[in-house]
Amino acid sequence: MDDLEKLLYMLEIQILRDQKDRAIAGLKKRGFSDERLLIIDQIVALDDLRKDQQTQLDVQLNERNTLSDEIGNLFKSGKAQEANQLKIKVQAIKEAAETLEVKLQQTKSDLDAMLVSLPNIPHANVPEGRTPEDNKVHQAWDGEFPTLPAGALPHWELAEKYNLIDFKLGAFITGSGFPLYRGKGARLQRALINYFLDQARRAGFEEILPPFMVNADSAYGTGQLPDKEAQMYYMEKDDLYLVPTAEVPVTNMYRGQIVSESDLPIKLTAYTPCFRREAGSYGSDVKGLNRVHQFDKVEIVQFEHPSRSYETLQAMVNHVSHLMESLELPYRILHLCGGDMGFTSATTYDFEVYSAAQQKWLEVSSVSNFESFQANRMKIRFKDEKGKMQLVHTLNGSALALARIVAALLENNQTENGIRLPQVLVPYTGFEFIGAEE
RNA sequence: GGUGAGGUGGGUGAGAGGCUGAAACCAACGGUUUGCUAAACCGUCGUACUUCGAAAGUGGUACCGAGGGUUCGAAUCCCUCCCUCACCGCCA
């Protein structure tokens, strides 16, 4: 942990103090029981204690510093005896200070532990609810659903039939959940990555190619640690984590930074493979590309002025909508309910694509406003026009996650003798049809 | 993997036990002046926590990579760790 992590999350405490009602309402949405809500009062009380102990300690240290100065001066003017007497006095103060110091450290670490366990407070308009079933359909699909030929196949069978993805070989080389793309399957993957990056660049996002492994500080910064430790692949020998999303390395580019207000918004995009252990989720919906340990994703990340973060969220949602439309895929947008939202998010919209052969909605994008939650952890700030420090707001979204998009593309566009690709991809793939002879 | 050098404010970089929260320069910001551009000059210019104050502000504490130690007193001395750079080896 570096020093940033040692800083207390003051701003969060301020919210608990000043906007307690909002905090309570928000945490209730996340399913906090009345009992668990007591943590708010505990945190405030502990923070009061912290202040008190800090003030006491400062008094002691002040006295020590003053006397030390005096001792120095006495020695200089040759009054060694008096100086030595003062030394004894300082000794007593030091002991008192050490005791206080220990108490204060304990208080701080208790407080820290509580604050780290506290999720972001959902935005007021986040729907009530506990489970994915409670998510609100924010925008339903009002277009047509694809009509499939008789004997339509799910994507894993199409992938095999046209030799696009070899799941067995991936499992042989690595393990299940690590698909091996080949031929036009591999080329389609590369085409989609390029297409998404180009679209993001056109929308003003700077392209980044970040490291695919991150250290623990970075994982804490975006909130993967300690909350989702089990979801990440960890390399013990080097103390590094494989990225579960480009959000982690990209957002951490600004960890600890004070940016100038005129730099905002900062818009970044990055492609990375994403590695997820998905512990405990085996068994349901794991067929084919529906849930894999490694998939490709283009992410967009934005650092924004607090006053504009919600219009930016909307702009990101629009960006992803355009991508879906350009790929001619049926999709819907869900507004996640309090119980289903990620730990760090204040509002999240999920995009789901309709994969016609499976007749399933698959999540392909998650667009979130974290408000100041991540910025507070990472201390990403700017000076406003009054010269006051403020935390930026961070947002990000998948634009888009590939594996499930590929699943839907294959299933929805299948014909009797092949798969037809949407026109926007043709310049990227170099082919518009995947036929049986491949 | 081996060897060596180093980590100081937005940047460069001095400081080598008390006079240092830290010189100087650059950048930034505010201003003066010059017909424009450029330049010159003056001023401001770290962060966090906290006391008192309605506020402007004021007092205190901490921070010179991180953690620990020595000392009345540490950026400065000692120990541990981390990181960076250079050279060699290996390698896409």
Participant: Is the backbone N or O of A:Thr344 less than 3.5 Å from a side-chain atom of A:Asn120, with the two atoms forming a donor-acceptor pair by type?
Facilitator: yes
Participant: How far apart are the closest heavy atoms of A:Glu328 and A:Gln423, and which atoms are they?
Facilitator: OE2-N, 3.8 Å
Participant: Assign each of A:Met389 and A:Ile71 to its nearest nucleotide of RNA chain B by heavy atoms, then name whichever residue's nucleotide is nearer the 5' end.
Facilitator: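 The answer here is A:Met389.
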Participant: Okay, side chain of A:Arg377, backbone of A:Tyr220: is any donor-acceptor separation there less than 3.5 Å?
Facilitator: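 Flag set: sc A:Arg377 to bb A:Tyr220 pair under 3.5 Å.
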Participant: Heavy-atom nearest nucleotide on RNA chain B for A:Gln91 versus A:Asn62: which residue maps closer to 5'?
Facilitator: A:Asn62
Participant: Mind checking the CG-CZ spacing from A:Leu164 to A:Arg182? Nearest 0.5 Å is all I need.
Facilitator: 10.5 Å
Participant: Could you tell me how far apart A:Gln257 (CD) and B:G46 (P) are, to the nearest whole angstrom?
Facilitator: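 In whole Å, B:G46 P lies 18 Å from A:Gln257 CD.
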Participant: Tell me the interatomic distance from A:Leu240, atom CG, to B:C83, atom C1', rounded to whole angstroms.
Facilitator: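 Answer to the nearest Å: 13 Å.
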Participant: Tell me, which stems hold RNA chain B, with a stem being 3 or more Watson-Crick or G-U pairs in a row and both distances under 3.5 Å?
Facilitator: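 Runs of three or more consecutive pairs: B:1-7 with B:82-88, B:10-12 with B:24-26, B:28-32 with B:40-44, B:46-50 with B:59-63, B:65-69 with B:77-81.
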Participant: Using a cut-off of 4.0 Å on non-hydrogen atoms, how would the nucleic acid contact of A:Leu86 be classed: base, sugar-phosphate, or nothing?
Facilitator: nothing
Participant: Can you give one letter per nucleotide of nucleotides 73-81 of chain B, 5' to 3': B if a protein heavy atom sits under 4.0 Å from the base, S if only from the sugar-phosphate, - if neither?
Facilitator: S--------
Participant: Would you call the rings of A:Phe178 and A:Tyr233 parallel, tilted or perpendicular if under 30° counts as parallel and over 60° as perpendicular?
Facilitator: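 Correct class here is tilted.
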Participant: Is the distance between the ring centroids of A:Tyr254 and A:Phe303 less than 6.0 Å?
Facilitator: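 Yes.
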Participant: Could you tell me the separation between the CZ atom of A:Arg381 and the P atom of B:U47, rounded to a whole number of Å?
Facilitator: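 Spelled out: CZ on A:Arg381 to P on B:U47 is 8 Å.
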